[in-house]
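Presented below is the structure to which this report refers.
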Amino acid sequence: MNNYHITSLSFIISVPLPHCAAIPPHVLGANALGATMLDLKLLQRQPEIVEKALCDRNSPMRVEEFTALDERRRALLAESETLKAERNSASAEVGKLKRTGGDASAIMERMGAVNARIKVLGEELEGVQTAQNDWMLSVPNVPHTSVPLGKSEEDNPVLHTWGQVPTFSFTPKEHWELAETLGGLDFDRGAKLAGSRFTVYWGWAARLERALASLFLDIHTREHGYTEVQPPLMVNRKTMTGTGNLPKFEEDLFKMEAWDYFLIPTAEVPLTNLFAEEILEESMLPIGLTAHTPCFRSEAGAYGKDTRGLIRQHQFSKVEMVRFAHPERSFDELERMRGHAEALLQRLELPYRVITLCTGDMGFASAKTYDLEVWLPGQNKYREISSCSNCMDFQARRANIRFRPAGGGKPEFAHTLNGSGLAVGRTLVAVMENGQQEDGSVVLPKALVPYMGGQEFILPQQR
RNA sequence: GGAGAGGUAGCGAAGCUGGCCGUAACGCGCCCGACUCGAAAUCGGGUUAGGGUUAACCCCCUACGUGGGUUCGAAUCCCACCCUCUCCGCCA
């Protein structure tokens with residue numbers, strides 16, 4: 001599941017509210033939920049669609065807040081623009097009079113009063129527009145019609161499972177227990193150097209992390225058609241806003257104290273914003289980008305969760321996939337990208353399942369999300385290892401990412417997708433736990449052996 | 001860090017002694033048409049985005065890196081900031 005879901009709200013609103021009344025099917029047709037999502041026009045003309053989306057997401061926001069601001073804004077705009085038109089024509093008149101030697105003092109005096117009124121209107125308008133803009137930046141994406149309704153992660157249906165859950169003749173250990181004899185993962189020194197949720201990797205563990213990332217990048221670039229990118233690991237406020245991490249989720253991020261820079265919580269942020277404020281050619285689509293980067297998350301609100309081991313760290317590495325797609329093909333691209341993530345787990349022979357996130361569990365920017373969950377024998381359960389989302393035009397609107405249609409015509413917003421392929425630290429955990437033997441050693445998946453210099457096992461005596 | 005140059009449509013670029021210059025000169029690209037069997041070349045026309053109003057058109061407002069200021073009126077004058085390029089210094 002995505003880290004930006006609104007868990008804190010799911011227990012505030014636990015019963016269906018009156019405004020959640022059913023929407024007629026024709027209103028929710030593909031057309032209505034297409035490229036105009038969270039467009040000003042959609043909010044103005046079909047507010048009931050957004051209202052239902054907010055309800056399905058358990059969001060406390062109400063469209064009527066927007067509507068009130070929008071009506072006030074338009075009233076102020078109408079008066080202000082009328083006065084500005086008057087001023088423009090009067091100024092042209094002054095220009096003419098000055099050239100012909102006429103007297104313009106009467107007009108200039110009248111414009112003094114007009115300007116004063118424009119200024120007053122402008123100040124109120126600015127306040128209203130700021131409030132409206134804040135609302136727009138805080139409203140989550142509208143879930144796609146194919147997303148199952150639900151309140152929380154309990155309601156996420158399983159799409160399919162792959163592989164056999166392994167059986168052991170002994171009680172399988174968690175990865176941090178294995179590391180007690182295998183070494184490699186140094187939680188104590190990680191805490192000494194930085195604090196809790198930081199880990200030092202030694203020897204085989206450091207190499208395994210590198211091997212996994214290399215394998216993933218090689219498969220994506222050679223077999224799945226992605227272009228490898230090395231982006232900045234710190235980005236500015238505008239970039240964070242483009243993907244939807246700001247303004248709502250600042251507390252989840254690490255921020256530089258003296259600079260307005262943030263450490264990226266995922267490579268999705270720099271990769272998606274690569275084409276911000278740009279107009280692409282339709283022939284360039286779809287674009288696939290991949291990057292292996294560290295990710296930094298404050299994990300605010302995760303106190304007491306996954307405190308041991310590598311599952312939840314302040315710093316972890318991830319290979320990310322980002323795709324830019326034509327609006328008509330973005331859901332095909334989502335299926336394709338999910339396949340790219342699944343291919344990695346299959347290559348590593350790790351059992352997993354795919355779930356579809358329900359409306360109440362989806363991330364802020366997403367219109368539809370699949371989570372891949374890998375089997376962890378030590379925990380005896382499936383744990384998230386990848387999250388693949390179609391954000392449709394939600395991020396593209398924020399970041400202004402457009403493409404020009406092949407036949408010419410006005411630029412349209414592209415659709416953006418992102419997915420982990422995969423979270424490297426968690427994959428390392430899965431490799432350890434699924435490959436463990438009774439003597440505490442670990443058998444490595446065949447696909448990894450060439451990347452480990454021919455090494456097939458991790459043995460206790462290794463350093 | 002020092003010195004200088006620059007930021008104007010999809011791209012290049014003019015304007016920068018304030019008004020007749022922003023649906024923005026000029027060139028490229030793109031679209032439509034003419035010519036052609038067809039194409040190239042040539043010729044003619046068209047081609048910014050966002051918002052308000054509207055059934056739609058018309059019309060109106062805003063935008064010349066960003067934010068302020070002066071003025072009846074700012075691409076143009078003033079102030080601050082951001083970014084790019086060149087040279088110098090420093091540095092893995």
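By convention in this document, chain letters (A, B, ...) are assigned in the order of the sequence lines, proteins followed by strands, and residues within each chain are numbered from 1.
- When heavy atoms are screened at a 4.0 angstrom cut-off, A:A90 is found touching no nucleic acid atom at all.
- Between the side chain of A:D186 and the main chain of A:R189, a donor-acceptor pair closer than 3.5 Å is present.
- Nucleotide B:G27 is matched to B:C11 when pairs are restricted to Watson-Crick or G-U wobble geometry with both distances under 3.5 angstrom.
- Along RNA chain B, the nucleotide closest to A:R74 and the one closest to A:P411 are compared, and the more 5′ of them pairs with A:P411.
- Within the shown strands, nothing qualifies as a pairing partner of B:A40 under the Watson-Crick or G-U definition with both distances less than 3.5 Å.
- Contact annotation: A:N88 does not reach the phosphate of B:G73 (side-chain N/O to OP1 or OP2, under 4.0 Å).
- Shown here, B:A5 forms a base pair with B:U84; the pair counts as Watson-Crick or G-U wobble because both key distances fall under 3.5 Å.
- For B:A9 and B:U23, the C1' atoms lie 11 Å apart once the distance is rounded to whole Å.
- Contact check, A:N115 against B:G73: a side-chain N or O comes under 4.0 Å of OP1 or OP2.
- Looking at heavy-atom distances under 4.0 Å, A:E79 makes no contact with the nucleic acid at all.
- A donor-acceptor contact closer than 3.5 angstrom is absent between the side chains of A:E333 and A:N390.
- Within 4.0 Å (heavy atoms only), A:I107 reaches no atom of the nucleic acid at all.
- Among the heavy atoms of the strands, none lies under 4.0 Å from A:K96.
- Shown here, B:C90 forms no base pair; nothing in the strands shown gives a Watson-Crick or G-U wobble contact with both key distances under 3.5 Å.
- For A:E281 and B:G10, a side-chain-to-base donor-acceptor distance below 3.5 Å is absent, hydrogens and geometry of angles not being considered.
- Heavy atoms of A:M108 sit under 4.0 angstrom from at least one base atom.
- In this model, the phosphate group of B:G51 is not approached by any side-chain N or O of A:R73 to a distance below 4.0 Å at OP1 or OP2.
- Pair check for B:A75 finds none; no Watson-Crick or G-U wobble contact set falls under 3.5 Å.
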